[in-house]
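By convention in this document, chain letters (A, B, ...) are assigned in the order of the sequence lines, proteins followed by strands, and residues within each chain are numbered from 1.
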2 protein chains.
Amino acid sequence: MASIKDVAAGAGVSVATVSRVLNGHPSVSADARTRVLAAVETLGYRPNAVARSLRTDQTHTLGLVISDVLNPYFTELARSVEEEARALGYSVIIGNADERPDLQDHHVRNLLDRRIDGLLVSPTDGGSPLMLDAARGGTPMVFVDRWIPGVDVPVVRADGREAIRDLVAHLHGLGHRRLAIIAGPAATTTGQERVAVFGEALRAYGLDLPDVYIGQGDFQADSGRRVTEGFLSLPEPPEVVFAADNLMALGALDAIRARGLRVPDDIALAAFDDIRWFVHTDPPITAIAQPTGALGRAAVRALVDRIEGRPPESVTLPARLVVRRSCGEPASHEPTAPPGPSASAQPSAPPEPSASQAPPPAQSPAVRSPVRRSQS
Amino acid sequence: MASIKDVAAGAGVSVATVSRVLNGHPSVSADARTRVLAAVETLGYRPNAVARSLRTDQTHTLGLVISDVLNPYFTELARSVEEEARALGYSVIIGNADERPDLQDHHVRNLLDRRIDGLLVSPTDGGSPLMLDAARGGTPMVFVDRWIPGVDVPVVRADGREAIRDLVAHLHGLGHRRLAIIAGPAATTTGQERVAVFGEALRAYGLDLPDVYIGQGDFQADSGRRVTEGFLSLPEPPEVVFAADNLMALGALDAIRARGLRVPDDIALAAFDDIRWFVHTDPPITAIAQPTGALGRAAVRALVDRIEGRPPESVTLPARLVVRRSCGEPASHEPTAPPGPSASAQPSAPPEPSASQAPPPAQSPAVRSPVRRSQS
DNA sequence: GAACCTCGTGGAATCGATTACATCCACCCT
DNA sequence: AGGGTGGATGTAATCGATTCCACGAGGTTC
């Protein structure tokens, strides 16, 4: 592969001049410039990014360590991160931790060894020494979605509290009183927060969240299945299962189906994280949607600000409730159809397009928060 | 950040000795080794991968350019690729082309500039000059899923022909006679092949695949929606729509739902690519499943073979039909329940666990090829 | 006409590793 | 004792870029 020396020889100039042409340095004669460009063309020369990075101590690369690529939420996040990074002149290397702290460490180390300019992390756990050292050691870093308390790193995330309260109001309005949750790992902020807020919201309605109705999941489908089986085997099973992410909701569906039960007639289901398929499941699933694309973009901007010497900003964006039919017919629909056997009742609302990049129109009757609190 | 010189100074030896310790070179005294290791420890030294790559001309990195990360098929492929690569001592940088040739070129160029050791590509189009030059220029390369005809590069892919014939047999057995397909881009091998094989299989049953029943999609959901709307507006709409990938099937579902029609009563639906959610859609969707994990692993092995001087092998693995309910009740089920209104008929077969990493048991009655041809 | 810029250019140092080669020393054999 | 062997180590070249510095030519200013 041709190097800068070959170009210099081909153009009859020094390597310094070639470098100046390539980097748009002003003091190069028009003559030299055209000769260099010609040589570049004929040799098919491309600058070696490795050598360049060694010299300049910048890689123009961001690392993104996410908890689970197979989770559509993180896939979408990764996509928006790459998009925004590309727009700002950076590329992205993704590390998939699969919810495993050891794998997370592997990727953090690998990325650090490659001297990435900055790190975007959605931590799987409370933070390994490696990551904490990196943060303290001055590696530009931003947490996205999840974070580690007590570390001085900007956080870009969604605030699901209001949406969870809306969900509980919705469920309560439908007459449900025994609500259970499939929680995420306690080592993650999102895992903790969702349970805590759910419990508080129940209490506001005079309801209880007993320990047997808190199932410990790990954000993976299998755990959702296992926990739901447990719920269904209880002497008094819950009327509603709220899964703290979409994969555990999938597992819950598996378990419910394996028992031959129906949603929402036999048991209601809701999930944190909205995905496109939830529109087409049987029945369509009520979920809490995060502004995933916006989160990814904001995280990249914060990180690049930090890298380029501007003060980075933490960002919190609201999540919102998307009501569908998995918890029962919404109260606002006149229950003309008997609430009984068939799950295939024609929805009286116009069909909702499956969730897409563009934010759905706020006035869509199928997409709305049934309760608005004072300080909304 | 500490460099090898700092370690050398700290241990009171030369950089050469440090390097030898780090690379496990035999001729280093035990004394020197322990002093170096101690210095490494106290300084928290990590070798600079950029400098190392410049010197050794290897990055131990594979590039993976896929057509669309948001497509669960490619997400799963990417995951298995990373896993196998990690096991073999390589890392992976993913480039998402979003089915856009220009983006594909951007990523190929970027990866080449980074001097990755080898490239795994699922081409979006017939091949840009850039990619063809790279292949001819000796960059180790392997095509996965899709390929470019006439280029001397190993191909790792699934063979869907038998499964498509099985699907047509299944559809024909259910009495369907007007079958339509949402095709992928003609510039992709998978896009072409699936239409061609579908058409041939129809002809084997004396059926025709008229042009109006071939909708041109681009493997994205929107095109599936658009094409399906077209089908439904035809004076004589098809009885079955076969989507050449899962995202276009999603779009088809959107379009069918927007018309207030039901699957399979009003129109049947099948898809290429099986995903976990297809078990839980309304109704569960009949699909052709690829051995995605095995494909990713085989592709990495072929590429690493090529990189490390062993002869790489092309690999073709069979896809298989997974019959569910989106085309009508399978013939083997006695149609005791009236085929009429309710879509929530209890399946007489035991519930199928959603598709997972482990291959489903072959004897599961819900997962099977209804027709076996001679040379099976 | 001397002093002084400015501009274009090349030489050479540098980034952080790896590694060929030279050197030194201890030991062994005849 | 002398020479050979081999292990441990250091010196320095090298990878492919960027960039500081020096230099020469040409133009401007007093």
Practice prompt. Look at the side-chain N and O atoms of B/Thr17 and state whether any lies under 4.0 Å from the OP1 or OP2 oxygen of D/dG10.
Written response: yes
Discussion item. Once you apply a heavy-atom cut-off of 4.0 Å, does A/Ser19 come out as touching a base, just sugar-phosphate, or nothing?
Written reply: base
Fill in: Donor-acceptor pair between A/Asn96 and B/Glu82 side chains, under 3.5 angstrom
no
Item to complete: Could you check how far CG of A/Asn23 sits from C1' of D/dA17, rounded to whole Å?
Response: 9 Å
Practice prompt. Rounded to the nearest angstrom, tell me the gap between atom CZ in B/Arg55 and atom C1' in C/dA20.
Written response: 9 Å
Worksheet item: What's the CZ-C1' distance between A/Arg46 and D/dG16, to the nearest Å?
Response: 15 Å
Worksheet item: Counting any heavy atom closer than 4.0 Å, what does B/Ser3 reach on the DNA or RNA strands: base, sugar-phosphate only, or nothing?
Response: sugar-phosphate
Worksheet item: Does a salt bridge link B/Arg100 with B/Asp102, judged by any charged N lying under 4.0 Å from a carboxylate O?
Response: yes
Discussion item. Closest-nucleotide mapping onto DNA chain C: is A/Gly12 or B/Lys5 further toward the 5' terminus? I mean the 5' end.
Written reply: A/Gly12
Practice prompt. Take the protein atom CG of A/Asp57 and the nucleotide atom C1' of D/dT18, then report the distance between them rounded to whole Å.
Written response: 12 Å
Item to complete: Take atom CZ of A/Arg52 and atom C1' of C/dT14, then tell me their distance rounded to the nearest Å.
Response: 16 Å
Worksheet item: Given that A/Ser27 and B/Leu54 both sit by DNA chain C, which one's nearest nucleotide is further toward the 5' end?
Response: A/Ser27
Worksheet item: How is A/Ala32 classified with respect to the nucleic acid when contacts are heavy atoms under 4.0 Å: base, sugar-phosphate, or nothing?
Response: sugar-phosphate
Practice prompt. Check the distance between C/dA20's P and B/Arg20's CZ and give it to me in whole angstrom.
Written response: 11 Å
Discussion item. Of the options D/dA8, C/dG10, D/dA17, whose atoms approach the side-chain atoms of A/Ala51 most closely?
Written reply: D/dA17
Discussion item. For B/Arg146, is there an ion pair with B/Glu99 - N to carboxylate O distance below 4.0 angstrom?
Written reply: yes
Item to complete: Could you please name the option among D/dA17, D/dG10, C/dT18 that lies closest to any side-chain atom of B/Ala16?
Response: D/dG10
Worksheet item: Which part of the nucleic acid does B/Val13 contact within heavy-atom distance under 4.0 Å: base, sugar-phosphate only, or nothing?
Response: sugar-phosphate
Discussion item. If you count every heavy atom of other residues, nucleotides or ligands that lies below 6.0 Å from A/Glu313 atom CD, does the total exceed 12?
Written reply: no
Worksheet entry | Length of the line joining A/Gln58:CD and D/dA17:P, which is rounded to integer Å | 17 Å
Worksheet entry | Closest-nucleotide ordering on DNA chain D, the 5'-leading residue of A/Val50 and B/Asp31 | B/Asp31
Worksheet item: Without hydrogens or angle criteria, can the side chains of B/Tyr73 and B/Asp68 be said to hold a donor-acceptor pair below 3.5 Å?
Response: no
Item to complete: Starting from P on D/dA8, measure out to NE2 on B/His25 and report it in whole angstrom.
Response: 10 Å
Discussion item. Any side-chain N or O of B/Ser29 below 4.0 angstrom from OP1/OP2 of D/dT9?
Written reply: yes
